[in-house]
Number of protein chains: 2
Amino acid sequence: MPSHTEENYLKAIYKLSEAQPGVEVSTNRIAEVLQTRPASVTDMLRRLGEKGLLHYERYRGVSLTHDGRRVALLTIRKHRLWEVFLVNKLGFNWDEVHDVAEEMEHLQSPLLIRRLDEFLGFPQLDPHGDPIPAEDGAIVRPQHRLVSDLQPGEEGTVMAVKNTSVPFLQYLDKAGLSLGAKIEVLDKVAFDNSLEIRINSNKVTLISNEISCNLFVAD
Amino acid sequence: MPSHTEENYLKAIYKLSEAQPGVEVSTNRIAEVLQTRPASVTDMLRRLGEKGLLHYERYRGVSLTHDGRRVALLTIRKHRLWEVFLVNKLGFNWDEVHDVAEEMEHLQSPLLIRRLDEFLGFPQLDPHGDPIPAEDGAIVRPQHRLVSDLQPGEEGTVMAVKNTSVPFLQYLDKAGLSLGAKIEVLDKVAFDNSLEIRINSNKVTLISNEISCNLFVAD
DNA sequence: TAATTTTCCTCGGTGTGACTGGGCACTTTG
DNA sequence: CAAAGTGCCCAGTCACACCGAGGAAAATTA
Ligand SMILES: [Mn+2]
Ligand SMILES: [Mn+2]
Ligand SMILES: [Mn+2]
Ligand SMILES: [Mn+2]
């Protein structure tokens, strides 16, 4: 039974390795995202290596074993299912759920998660548009494009967010850019890559590159 | 923020002091119900005393402070609300919920509990008939009698169970003695205090004193 | 390739939380 | 009062997570 901290490390390592497939995950990077010191990370890596959850060769970076990947995906599954529960059943807003789910993802009962999944109607996506891994760890990589990659004249529907920070989500709510919103790119400012877009065939707004780099759309 | 273990200790102490009001709770008794050694209990009592959660005077037993009582009642509130959730929403049976709720009761977000309470429709009783403390710690002592105190000719409706062990609850399910069942006492065997009862104006059964001492009824 | 910079491992150590056996002090009981 | 029972205290264990410093290894650059 992995501890809370171990689950958090494995989840972080999984996400880092997904962000740059093929590249081994570095100690410093892990320390950075987990807000801790490299020495602490090395320490935990050794322990997780001994438990067979990751391949740890000194100086060579790290990659998850099959078991480690399973634990990471199960933790992500729990996190995202609880987020769906919080939003769809308890009426939380999508910007309020992260910290609570961060705690709930460590509940261990497999029966609980199976029944929760059923209760929620076997959702495929969490409130931020991220895919929910199946019980066996299967996960579908969604076909998305970043809004920042759209050219003038192209359009799409907002499907997911890359960043789930509270200020970003609140900005999107305010701008009418929640999941499902339709976006047409009217113009691109060459100087700072900001975009002029039309939202839901209605209001025209300017969004910065910082925003468009964190928003996914699909046709 | 109390740790899981501290919450478990406070809950146990609260329950022991309720079981025998007025009497201070003893170290050995706590060790017994928490399945640990008296030395460990002394250790924890000192720490909880320092944190102002209980009155701890060596050799004099222990009683909760106002704050300690609040933590205990809040933990019980969380435990029982999650039990209601598991039974009413996720389709658990009343004999399956205890261990899961034992873990969920340690989730800390107050907002989560408030929204959960609302989602469940502000239930007053958990699946075992136990009252759910309010947010401010208020709890209503239910007016119950033990079935073992009924005399032949008396009747009542099953309102709560004193024991929540899996075998006991499964026995009750099988015997048709779930919450809401109507009981008429037909006869009492003087030798072993077992009772002959009629269930729901229908089947007649014999129940042992062991059973009737753990079942509450009201008129 | 050599020098420099960057990465990160190792070592020794800290702090906390929880638990424990054994000896002895205190309290209760007879 | 003596014996029995209870519970405190000590000294120690163990697991977990963290960290600074120093130097080894790797990567980068010159
Ligand atoms: Mn977490
Ligand atoms: Mn999410
Ligand atoms: Mn518990
Ligand atoms: Mn209960």
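Per chain, numbering begins at 1; letters A, B, ... match sequence-line order.
- Taking atom OH on A:Y59 and atom P on D:dA25, their separation rounds to 6 Å, with Å as the unit.
- When the P atom of C:dT28 is taken as reference, atom CZ of B:R58 falls 14 Å away, rounded to whole Å.
- Using a distance-only test at 3.5 Å, with no hydrogens or angles considered, no donor-acceptor pair links the side chain of A:Q170 to the main chain of A:P167.
- Side-chain proximity of A:T27 to the nucleotides D:dA17, C:dC9, D:dG20 is greatest for C:dC9.
- Across the protein-nucleic acid pair, A:I30 atom CD1 and C:dC9 atom C1' stand 14 Å apart, rounded to whole Å.
- Here the options are A:H106, A:E105, A:E103, the test is side-chain hydrogen bond (donor to acceptor under 3.5 Å, both in side chains), and the partner is A:H79; only A:E105 passes.
- In the set D:dT6, C:dT20, C:dC9, the nucleotide with an atom closest to the side chain of B:A39 is C:dT20.
- Contact between the side-chain N/O atoms of A:T36 and the OP1/OP2 oxygens of D:dC19 is found at a separation under 4.0 Å.
- If you find the closest nucleotide of DNA chain D to B:E57 and to A:E6, the one lying nearer the 5' end belongs to B:E57.
- If you check every strand for non-hydrogen atoms under 4.0 Å, B:T5 touches sugar and phosphate atoms only.
- The separation between A:M44 atom CE and D:dC19 atom P is 12 Å, rounded to whole Å.
- Checking D:dG7, D:dC8, D:dC18 against the side-chain heavy atoms of B:Y56 singles out D:dC8 as nearest.
- Straight-line distance from the CG atom of B:D43 to the P atom of C:dT20: 11 Å, rounded to whole Å.
- Using modelled atom types, one side-chain atom of A:K78 and one backbone atom of A:L107 make a donor-acceptor pair closer than 3.5 Å.
- To the nearest angstrom, P of D:dA17 lies 14 Å from CD of A:E50.
- The shortest distance between the side-chain N/O atoms of B:R60 and the OP1/OP2 oxygens of D:dC8 is not below 4.0 Å.
- Here C:dC8 presents its P atom at 10 Å from CG of A:L45, a figure rounded to the nearest Å.
- Between A:Y9 and A:Y14, the distance separating the two ring centers is not shorter than 6.0 angstrom.
- Closest contact between the side chain of B:T42 and the listed nucleotides D:dC18, C:dC8, D:dC8 involves D:dC8.
- Judged by distance alone, the side chain of A:T65 and the main-chain N or O of A:L53 form a donor-acceptor pair under 3.5 Å.
- For the pair A:S40 and D:dC19, the criterion of a side-chain N or O lying under 4.0 Å from OP1 or OP2 is met.
- Atom NZ of A:K51 is separated from atom P of D:dA15 by 11 Å (rounded to the nearest Å).
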